[in-house]
Amino acid sequence: MTTYAAITGWGKCMPPAVLTNDDLSTFLDTTDEWIRTRTGMRERRVSHVSAIELSAVASARALACAGVDPAEVDLIIYGGVSNDELVPNSASGVQVALGATRAAAMDLNTACTSFCYGLATATAMIRTGAIRTAVVIGVELISRYLDWSNRNVAVLFGDGAAAVVLQATDREEGMIGSVLGCDAEGRETLRVRGFGCTYSGRDVTFGDTIWDFDGQAIFKRAVSAMAAASQRVLEQAGYRPEDVDLVVPHQANLRIIEAVAKYAGIPMEKVMLTVQKYANMSAATVPVALAEALEEGRVRPGALLLMPAFGGGLTYNSLLVRWGQRVTPLGESARELPPCRESALELVNRVRATQDPHGRSRAGLMAPEFAEAVLRQ
Ligand code: UT7
């Protein structure tokens, strides 16, 4: 009998502090009009807690939704770029927070596609029989290392997290097709310098956060990679564009999403959008959009979902997911974030105070007690 990996739980955790386009124009040479018309973004969230905390709340909600005890989880995949520390990994922090004592814990970084790559990895492990239950997280805390002095990137990103629970089943559900790839010729079009071994003893100090970002090149490569991957995944699985009930895409720019939908031959009414309120949350965009689609009743029982994404690398994917019969949660988690006592602009200004005018973090120059206060936030 064939084993599949059904998505039986979903949950998101959005930090409450909202940063508007007008907030950004208090310290950047930009306008609400430019940001809205070029990207579709109106606001984004800024987190007052760590990425592990965001992930733990999202995962607890997803487990309650699935009716799964944390002790039953075999594997936690933490998908994203934003890690609390180099070592230990972040998935182990989520494991402790959940009490998922039996689980293996793995971080997976393919930038914005990390959740989708994680979903493909966990699905494959369930389908081979290696594991039966997994939590896959997409999370990002970009506000802590965004170059807030560079308007080319500072207006584009936000924080957030969401998770899904996968369980072995003999019903044909969950991810039924995948195309994963990497347009590595374009890897230098998106880079955050300062956080790798390259930077020890070189001109960029370890701990700096300098962003290299060629928006137009990424835009073009993103559209062609996501459109081609979507066409291929549909062909491979024997479906046509009109069979797709809902597209849950990466949310980097409304214009990118519109172009991909056009090339894929799918009308925008069938596309889930969150870019206007959450901006680009990198690895968190697809699972947050999925959780919201379920909350809004946009996923019907048995629906066919298409999930195209791209990110640094330039990694890309398109996944095909057959939803099960249940579109409502089995239970709810009481887990909440601690209250946030600062505005989003105050949180951002706190990070800006640690950056020099070129967006470099002054981690090495900060007074230890201030560095600690920033990192604790
Ligand atoms: O998840 C992967 C992450 N990467 C991406 O998603 C990036 C994909 N790329 C994009 O979304 C778009 O290329 C951007 C939104 C980044 C930029 O939009 P664009 O339509 O490609 O604008 P542009 O780079 O061609 O810039 C047009 C103008 C320039 O001024 P001039 O040279 O025409 O005078 C920029 O300097 O807009 C200027 N500009 C801004 N103006 C106000 C660039 N950023 C801003 C800004 N506010 N924030």
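Whatever order the structure lists them in is the order used to number ligands and atoms, beginning at 1.
Thr110 and Thr315 are not linked by any side-chain donor-acceptor pair at a separation below 3.5 angstrom, with hydrogens and angles left out of the test. Using modelled atom types and a 3.5 Å distance limit, the side chains of Ser82 and Glu140 yield a donor-acceptor pair. Side-chain polar atoms of Asn317 and Thr113 form no donor-acceptor pair below 3.5 angstrom.
Protein residues lining ligand 1, listed by chain and number: Asp29, Thr30, Trp34, Arg38, Thr39, Cys112, Arg151, Asn152, Val155, Leu156, Leu190, Phe213, Gly215, Gln216, Ile218, Phe219, His250, Ala252, Asn253, Arg255, Ile256, Asn280, Phe310 [non-hydrogen atoms, distance under 4.0 Å].
Under a cut-off of 6.0 angstrom, the local environment of CD in Glu188 is sparse, with at most 12 non-hydrogen atoms contributed by other residues, nucleotides or ligands.
For Arg352 and Phe27, the positive end sits near the middle of the six-membered ring, less than 6.0 Å away and at most 45° from its axis.
Taking the ring centroids of Phe157 and Trp211, they lie under the 6.0 Å cut-off.
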